[in-house]
Protein chains: 2
Amino acid sequence: MALEHAILVSLLEKPGSGYELARRFERSIGYFWTATHQQIYRVLKRMEADGLLDVREVPQQGRPDKKEYSVATPGRTALSQWLHEPIEPESVRHDLAVKIRGAAFDDPAALIREVERHHRAHSGRLAHYLAGEQRDFTGPEAPAPPDAGQELQHVVLRGGIAYERMTLAWLDDVLATLHRLHAGH
Amino acid sequence: MALEHAILVSLLEKPGSGYELARRFERSIGYFWTATHQQIYRVLKRMEADGLLDVREVPQQGRPDKKEYSVATPGRTALSQWLHEPIEPESVRHDLAVKIRGAAFDDPAALIREVERHHRAHSGRLAHYLAGEQRDFTGPEAPAPPDAGQELQHVVLRGGIAYERMTLAWLDDVLATLHRLHAGH
DNA sequence: CATTACATGTAAGACGTTACATGATTAT
DNA sequence: ATAATCATGTAACGTCTTACATGTAATG
């Protein structure tokens with residue numbers, strides 16, 4: 001049920017429409033929580049009905065009107081409450097690991113292309129994160145005395161960077177293993 | 001829909017009952033794919049109805065009888081087909097990262113305990129993985145010429161170990177950041 | 001002329017979680 | 001006695017994904 005909380009955090013960082021939230025879930029906050037627009041619109045309605053959010057109809061010119069959501073007081077309370085509740089360290093789901101173990105019953109070499117694809121995707125993400133870090137935190141444009149919010153956003157981004165680097169190193173290991181098995185050895 | 005595939009892989013590694021599968025999803029295969037027994041029983045029934053699995057009633061003494069599932073030919077085909085389909089690099093969901101960003105709107109210091117709890121949990125997992133690696137792959141009991149299946153299981157386990165080490169280092173970074181913010185900076 | 005961006009939604013079905021339910025055996 | 005392990009399930013509910021549905025405006 002943390003989609004609600006991710007939305008609360010994102011709307012506290014900046015109010016916005018369902019569409020805008022969907023875009024953020026493709027970037028920034030989407031690095032550690034994904035959601036599609038269908039999900040977002042549904043949850044926004046429920047959260048509004050529950051009084052967690054305020055809506056404001058914003059007429060626009062040359063564009064469809066939008067509904068700008070912002071966090072109401074009960075929403076802040078709900079977030080605060082959740083922050084004080086312990087959560088379980090999340091359980092992982094790695095399709096690729098299932099595939100790798102499954103390859104023992106098929107052709108391990110056939111997985112090489114797939115693993116290379118994942119490697120490229122993670123390289124791309126890493127480059128994207130590093131560019132974002134440069135832009136927002138370590139580059140010349142970055143605000144000199146960062147506030148708490150920025151420090152916290154940065155440490156989360158550093159986590160994403162560490163994750164991608166670790167994953168790339170592991171995928172290299174996987175590729176080496178697959179090549180070794182292919183060579184007969 | 002990869003639960004089906006994880007079950008196929010696990011049953012190919014060794015046939016077993018729903019209960020046994022549920023146990024495996026708490027260990028071995030559960031390191032990268034989780035499922036509860038309720039889910040497993042439901043999916044096993046569906047897979048049997050779909051002809052992917054064979055069942056054998058095994059009477060036992062001093063214990064309830066069990067149904068031993070094994071992979072039928074169409075199940076092997078289905079797995080093979082999935083292995084040859086490209087999958088998307090998975091999208092992540094990190095509650096803790098949402099909490100960290102949310103802490104900017106609450107009390108960052110209140111998160112310290114929570115992060116420490118996660119740190120302990122991941123330390124435990126790492127120790128568990130390392131013990132498993134020692135037992136099955138690098139210890140004196142490990143089979144000298146490992147086959148493809150073991151090589152692949154090992155590289156997946158190495159991924160789990162790398163993930164836990166990376167996570168612990170990141171949690172140290174998070175704690176240092178939270179302490180810095182608490183100190184007033 | 002086609003595509004991308006902006007903007008919001010519905011519906012069906014798959015998947016996952018939590019709670020409930022039962023019952024024997026083994027270990028403390 | 002109590003709890004843990006073995007063993008299998010149902011029911012209710014909530015979440016998530018995929019496909020469908022519509023329409024304008026800007027960009028190439």
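By convention in this document, chain letters (A, B, ...) are assigned in the order of the sequence lines, proteins followed by strands, and residues within each chain are numbered from 1.
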Nearest whole Å is fine: how far is [N] [atom2] from [X] [atom1]?
| X | N | atom1 | atom2 | value |
| --- | --- | --- | --- | --- |
| Tyr19(B) | dA24(C) | OH | C1' | 12 Å |
| Leu3(B) | dC16(D) | CG | P | 17 Å |
| Glu26(B) | dT5(D) | CD | C1' | 11 Å |
| Asp65(B) | dC6(D) | CG | C1' | 12 Å |
| Tyr41(B) | dT10(D) | OH | C1' | 13 Å |
| Asp95(A) | dT17(D) | CG | C1' | 14 Å |
| Leu44(A) | dT15(D) | CG | P | 14 Å |
| Ile40(B) | dT10(D) | CD1 | C1' | 16 Å |

Looking at Gln60(B), I'd like to know whether one of its side-chain N or O atoms comes within less than 4.0 Å of OP1 or OP2 on dA7(D).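 Affirmative; the distance criterion is met.
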
Is Lys66(A) close enough to dA5(C) that one of its side-chain N or O atoms is under 4.0 Å from OP1 or OP2 there?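 Checking Lys66(A) against dA5(C): no side-chain N or O falls below 4.0 Å of OP1 or OP2.
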
Taking atom [atom1] of [X] as the centre, does the number of heavy atoms from other residues, nucleotides or ligands within less than 6.0 Å exceed 12?
| X | atom1 | answer |
| --- | --- | --- |
| Gln60(B) | CD | yes |
| Arg113(B) | CZ | no |
| Glu85(B) | CD | yes |

With a 4.0 Å cut-off, would you call Arg23(B) and Glu26(B) a salt bridge?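 Looking at Arg23(B) and Glu26(B), the cut-off is met.
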
Want to settle it: does Arg23(B) or Arg93(B) sit nearer the 5' end of DNA chain D, counting the closest nucleotide to each?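 Taking each residue's closest nucleotide, the earlier one in sequence belongs to Arg23(B).
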
In the 5'-to-3' direction, what one-character label does each nucleotide of nucleotides 18-28 of chain D receive under the scheme B = base within less than 4.0 Å of a protein heavy atom, S = sugar-phosphate only, - = no such atom? BBB--B-S---

How about [X] and [Y]: does a side-chain donor come under 3.5 Å of a side-chain acceptor?
| X | Y | result |
| --- | --- | --- |
| Thr167(B) | Arg125(B) | no |
| His119(A) | Asp172(A) | yes |
| His84(A) | Asp106(B) | yes |

